[in-house]
Amino acid sequence: MHHTTIKGLVALMNNKAKSAAMLTGTMLAVSPAFAFAADFDGTEVISKIVTYTGVGVAILGAFALGRWTLRALGIIGGK
């Protein structure tokens with residue numbers, strides 16, 4: 001059965017799963033390099049994550065509000 005080989009498993013994965021696997025592998029490979037650096041400051045990373053999460057939530061909120069407004073005005077239809 002070809003599913004037991006790495007090549008067979010990769011053939012079965014969809015694009016999202018392949019992307020997630022590649023990202024995870026990259027993060028695992030890169031993280032020790034940052035963790036062992038003498039001048040690495042994790043608080044900056046956490047700060048960026050919090051900031052970008054807030055930006056993402058704001059964008060999604062604006063999208064939802066815009067869609068709701070367009071529906072209320074009758075510009076776009078919906079059930």
Side-chain angles (χ1 to χ4, degrees):
M1 194 169 197
H2 77 285
H3 302 299
T4 57
T5 64
I6 300 268
K7 189 175 183 181
L9 289 173
V10 170
L12 290 174
M13 296 169 71
N14 63 20
N15 286 336
K16 287 183 182 180
K18 286 178 186 175
S19 298
M22 288 174 48
L23 179 63
T24 302
T26 303
M27 294 304 290
L28 289 174
V30 172
S31 60
F34 284 117
F36 296 125
D39 60 346
F40 178 72
D41 184 14
T43 57
E44 290 183 30
V45 174
I46 300 298
S47 174
K48 295 278 186 191
I49 291 170
V50 170
T51 300
Y52 293 141
T53 301
V55 169
V57 168
I59 289 170
L60 289 175
F63 175 77
L65 180 62
R67 188 171 174 176
W68 177 81
T69 303
L70 290 174
R71 270 201 187 151
L73 294 173
I75 296 173
I76 61 173
K79 293 184 178 182

message: Grouping I, L, V, M, F, W and Y whenever their side-chain heavy atoms are under 4.5 Å apart, do Val57 and Val55 come out in a common cluster?
response: no

- request: Name all residues meeting the side-chain hydrogen bond (donor to acceptor under 3.5 Å, both in side chains) criterion together with Thr43; count only those two or more places apart in sequence or in a different chain, and write none if there are none.
  value: Asp41

message: Please enumerate all residues that pass side chain to side chain contact (heavy atoms under 4.5 Å, CB included) together with Leu60, with sequence neighbours excluded.
response: none

query: Taking the hydrophobic residues Ile, Leu, Val, Met, Phe, Trp and Tyr, and joining any pair whose side-chain heavy atoms are under 4.5 Å apart, which ones share a cluster with Trp68?
result: Leu65

- request: Would you mind listing the cluster partners of Ile46? Hydrophobic ones only (ILVMFWY), side-chain contacts under 4.5 Å, chaining allowed.
  value: Val50

field: Interatomic spacing from OG1 in Thr51 to NZ in Lys48 - rounded to 0.5 Å
entry: 7.0 Å

